Participant: 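Dropping the structure in here first, questions after.
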Number of protein chains: 2
Amino acid sequence: MKWDTMILEEDCLKLLDQRKIPQKIEYFKASDYRKVIFGIKEMVVRGAPAIGAAAAHGVYLAVREFVDLEEKEFQINFKKALEELGDSRPTAVNLIWGIRRMKKVMEAKKGLGRKDLLQELFSESQKIAKEDVEINKKLGEHGQKIIPQNGRVLTHCNTGALATVGYGTALGVIRAAHAKGKDIKVFVDETRPRLQGARLNAFELLEEGIPATLIVDSAAAVLMKKGEIDVVIVGADRIAANGDTANKIGTFMLSQLAKHFHVPFYIAAPLSTIDFDLPQGEDIIIEERDPREITHWEGNPIAPEKIEVFNPAFDVTPSENIKGIITEKGIIKAPFKENISRMKPGGDYS
Amino acid sequence: MKWDTMILEEDCLKLLDQRKIPQKIEYFKASDYRKVIFGIKEMVVRGAPAIGAAAAHGVYLAVREFVDLEEKEFQINFKKALEELGDSRPTAVNLIWGIRRMKKVMEAKKGLGRKDLLQELFSESQKIAKEDVEINKKLGEHGQKIIPQNGRVLTHCNTGALATVGYGTALGVIRAAHAKGKDIKVFVDETRPRLQGARLNAFELLEEGIPATLIVDSAAAVLMKKGEIDVVIVGADRIAANGDTANKIGTFMLSQLAKHFHVPFYIAAPLSTIDFDLPQGEDIIIEERDPREITHWEGNPIAPEKIEVFNPAFDVTPSENIKGIITEKGIIKAPFKENISRMKPGGDYS
């Protein structure tokens with residue numbers, strides 16, 4: 001993509017403001033960790049891997065802010081910052097993963113002076129960001145094999161460069177298939193209520209020159225029934241140890257329809273999205289967001305003021321609906337519990 | 001409802017402008033048949049029964065406009081008006097049904113002078129409108145029996161007073177159950193792209209004091225999976241002789257999910273929505289509407305300008321997904337072909 005999703009600077013985190021795409025290309029400058037939290041909560045930055053990387057740089061910015069405090073004061077303030085960052089959104093496990101990566105550096109380097117520690121943390125958040133792009137490219141390379149020549153792919157929500165530090169997960173797989181010269185076509189669910197498909201996927205796919213057709217979410221069933229979809233690929237916000245996967249609301253619907261119509265259904269996510277300690281999808285906390293995401297558009301009301309709203313941001317797809325989980329280390333298939341546990345590394349992803 | 005969906009006057013058709021609800025309550029004055037066509041095409045009025053009644057009054061307005069023309073001129077102009085009215089939207093069969101009712105009066109009364117004929121046509125369009133409300137009340141009475149005490153009902157698109165001349169079809173059933181004192185709760189699909197659920201259902205249900213919760217269309221699957229929906233009831237735009245039913249895009253998705261989760265799925269429609277001459281759903285013409293319905297909101301772009309769009313207004317639910325078709329003469333159940341053919345009257349509905 002022409003634009004960076006995020007730019008990790010010494011004194012701030014610059015976020016491509018995803019609330020404004022495609023109408024405006026603007027960066028939101030988060031000059032402290034509180035503004036990083038605001039950016040995550042308000043979805044200036046969204047997508048599990050992007051949230052993870054942003055939160056990591058948020059940890060760095062907190063340490064930077066408190067660098068001159070006395071130890072006790074530092075610990076109080078830093079602990080508070082970590083808690084607030086960790087609570088900024090509940091579902092994407094990458095958020096916690098990113099924070100943990102930074103905490104590990106702090107523990108490993110606790111002998112260092114604060115200024116040196118700060119430098120180590122800056123390096124670590126840069127490393128997380130760099131690794132994310134590399135991981136996505138590997139993931140794309142593994143995943144593109146499942147897209148046939150002339151394949152018609154359905155996807156939901158944005159999982160592209162914008163949902164990550166770069167390249168993308170499910171959209172990275174699509175990108176990789178296109179780069180291989182496969183003559184593919186993408187059907188893009190608009191993805192209500194935040195319209196990540198209509199706004200962000202459409203933006204990325206047009207920029208990349210990949211043929212894409214936008215549909216309302218509820219039209220996907222008809223395409224599957226007519227045999228016009230060869231494969232469904234979506235991203236993930238949290239994958240339980242048994243393969244159950246939380247992803248954008250609407251994903252479960254697609255998985256159920258795909259199963260019925262014998263369309264292979266894949267998840268594409270880095271291993272950092274797997275919550276190895278969480279036994280099953282039922283245990284995943286599903287964020288409920290502001291009703292105004294449904295009842296309003298750009299501040300103007302769509303629906304009558306007093307209507308009650310149920311606005312879950314995610315749903316859980318049971319692993320029995322999933323054909324495979326595409327990761328940077330290959331495609332995990334059933335039996336998921338066994339095969340996921342094999343992916344559990346001793347180090348980074350634990 | 002406090003407001004009439006349409007007011008049939010001697011010199012015009014006043015349509016409650018459904019493009020503006022709930023923000024504004026305004027009537028659109030169609031002073032000739034061309035403006036009636038505009039109103040139907042642009043969805044100032046929508047909903048199969050409402051379209052049928054509006055088109056019937058459009059026929060009256062055409063005769064009124066041409067009343068003083070010489071016979072040959074009258075025939076040329078009138079034929080053109082009928083064709084244009086008939087072509088205003090392709091899927092809802094009630095449109096053709098309404099026009100046919102008016103043509104029958106013209107044939108039956110061809111001995112009359114034009115002014116007297118005009119009076120007969122005015123009476124007929126009033127009669128169609130009046131009958132529609134009566135039919136819906138009967139339909140509601142039959143249908144409410146399928147809603148249990150404390151029933152949680154999911155519905156899609158608007159099928160209320162606004163989609164008809166009054167009372168409603170699927171929403172009429174809900175209205176009738178509520179009037180019987182059943183303590184029901186309604187889940188309202190927002191119904192992209194035109195948001196008839198968020199705008200119109202929410203408006204009607206709030207006005208009626210029926211507890212209702214708005215969701216995005218793709219969230220319905222989760223509610224069904226969790227056992228939070230007892231019954232799905234939707235309307236219809238055209239029902240084939242075998243029971244296959246065209247209705248708002250997204251209906252097929254719901255029917256498939258309902259079947260999977262063993263949630264009874266009902267259609268509510270007057271017999272005038274049955275196209276007795278059409279063998280099966282595959283033969284129903286599905287209207288594709290302006291891409292801007294998806295890419296724009298109130299004239300402002302949501303998606304990037306050049307994205308391709310597939311925007312079918314309807315989809316077809318196969319009869320095997322339907323538990324029953326609620327009509328003014330009772331609930332039609334499988335085998336649909338046989339039981340629908342029994343409903344075919346010699347007269348009005350042929």
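Computed from a predicted structure; not experimentally measured. Quick note on labels: first sequence line is chain A, next is B, and so on, each numbered from 1. Computed over heavy atoms, backbone and side chain alike; hydrogens, waters and symmetry mates excluded.
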Participant: Which atom names give the shortest non-hydrogen contact between B/Val309 and A/Thr213, and what distance separates them?
Facilitator: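 Nearest pair, atom of B/Val309 first, then A/Thr213: C-CG2, 3.8 Å.
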
Participant: Which heavy-atom pair separates A/Pro304 from B/Arg199 by the least distance, and what is that distance?
Facilitator: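 Of all heavy-atom pairs spanning A/Pro304 and B/Arg199, the closest is CD-O, 4.1 Å.
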
Participant: Considering only heavy atoms, which portion of B/Leu195 lies under 4.5 Å from any heavy atom of chain A: side chain, backbone, both, or neither?
Facilitator: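 Only the side chain of B/Leu195 comes within 4.5 Å of chain A.
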
Participant: Quick one: do B/Leu257 and A/Met253 satisfy side chain to side chain contact (heavy atoms under 4.5 Å, CB included)? Show the steps, please.
Facilitator: CA-CA 8 Å; B/Leu257 293 165; A/Met253 165 196 80; 4.0 Å; yes

Participant: Is it the case that over 12 heavy atoms from other parts of the model lie below 6.0 angstrom from the CD atom of A/Glu305?
Facilitator: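 Incorrect, the count does not exceed 12.
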
Participant: Looking at B/Ile307, B/Asp315, B/Ile302, which makes the most heavy-atom pairs under 4.5 Å with chain A?
Facilitator: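 Among B/Ile307, B/Asp315, B/Ile302, the one with the most close pairs to chain A is B/Ile302.
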
Participant: Counting heavy atoms not belonging to B/Lys323, are there more than 12 under 6.0 Å from its NZ?
Facilitator: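 Not buried by this count: 12 neighbours or fewer within 6.0 Å.
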
Participant: Any idea which heavy atoms bring A/Ala303 and B/Pro22 closest together, and the distance?
Facilitator: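 Looks like C-CG, 3.7 Å.
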
Participant: Measure distances from B/Phe261 to the heavy atoms of chain A and classify the residue's part below 4.5 Å as side chain, backbone, both or neither.
Facilitator: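 Only the side chain of B/Phe261 comes within 4.5 Å of chain A.
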
Participant: Using non-hydrogen atoms only, which part of A/Leu205 is less than 4.5 Å away from chain B: side chain, backbone, both, or neither?
Facilitator: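 Nothing of A/Leu205, per the 4.5 Å heavy-atom cut-off to chain B.
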
Participant: Does the side chain to side chain contact (heavy atoms under 4.5 Å, CB included) test come out yes or no for A/Leu223 and B/Phe310, once each step is laid out?
Facilitator: CA-CA 10 Å; A/Leu223 293 173; B/Phe310 174 53; 3.9 Å; yes

Participant: Shorter than 4.5 Å, heavy atoms on both sides: which option in A/Gly197, A/Ala212, A/Ala219, A/Pro211 has the most such pairs with chain B?
Facilitator: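 Top option by heavy-atom pairs under 4.5 Å: A/Ala212.
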
Participant: Examine whether an atom of A/Leu206 lies under 4.5 Å from a heavy atom of chain B, and if so say whether it belongs to the side chain, the backbone or both; otherwise answer neither.
Facilitator: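 Side chain only.
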
Participant: Under 4.5 Å, counting heavy-atom pairs only, tell me which of A/Glu298, A/Lys248, A/Lys306, A/Met224 racks up the most with chain B.
Facilitator: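 Result: the option with the highest number of such pairs is A/Lys306.
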
Participant: Quick check on the interface: out of B/His156, B/Glu190, B/Glu293, B/Arg192, who has the most heavy-atom pairs with chain A under 4.5 Å?
Facilitator: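 Among the listed options, the one with the most contacts to chain A is B/Arg192.
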
Participant: Run A/Val216 and B/Asp217 through side chain to side chain contact (heavy atoms under 4.5 Å, CB included) and show every step you take.
Facilitator: CA-CA 9 Å; A/Val216 296; B/Asp217 304 323; 6.0 Å; no

Participant: Checking heavy atoms, do the side chain of B/Leu200, its backbone, both or neither come under 4.5 Å from chain A?
Facilitator: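 When you check distances to chain A, no heavy atom of B/Leu200 falls under 4.5 Å.
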
Participant: Test side chain to side chain contact (heavy atoms under 4.5 Å, CB included) on A/Ile249 and B/Val222 and set out the steps.
Facilitator: CA-CA 9 Å; A/Ile249 186 73; B/Val222 177; 4.1 Å; yes

Participant: Is it the case that more than 12 heavy atoms not belonging to B/Glu282 sit under 6.0 Å from its CD atom?
Facilitator: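 No, not enclosed.
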
Participant: Once you round to the nearest 0.5 Å, how far does NE2 of B/His260 lie from NE2 of A/His260?
Facilitator: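 That separation rounds to 10.0 Å.
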
Participant: I'd like to know which of B/Phe203, B/Phe187, B/Trp297 tops the heavy-atom pair count under 4.5 Å against chain A.
Facilitator: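 Option with the greatest count: B/Trp297.
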
Participant: Kindly say whether A/Pro301 contributes a backbone atom to a donor-acceptor pair with the side chain of B/Gln23 at under 3.5 angstrom?
Facilitator: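 Such a contact is found between B/Gln23 side chain and A/Pro301 backbone.
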
Participant: Counting only heavy atoms not in A/Ile25 (residues, nucleotides, ligands), do more than 12 fall under 6.0 Å from its CD1?
Facilitator: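 Enclosed: over 12 neighbouring heavy atoms sit under 6.0 Å from CD1 of A/Ile25.
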
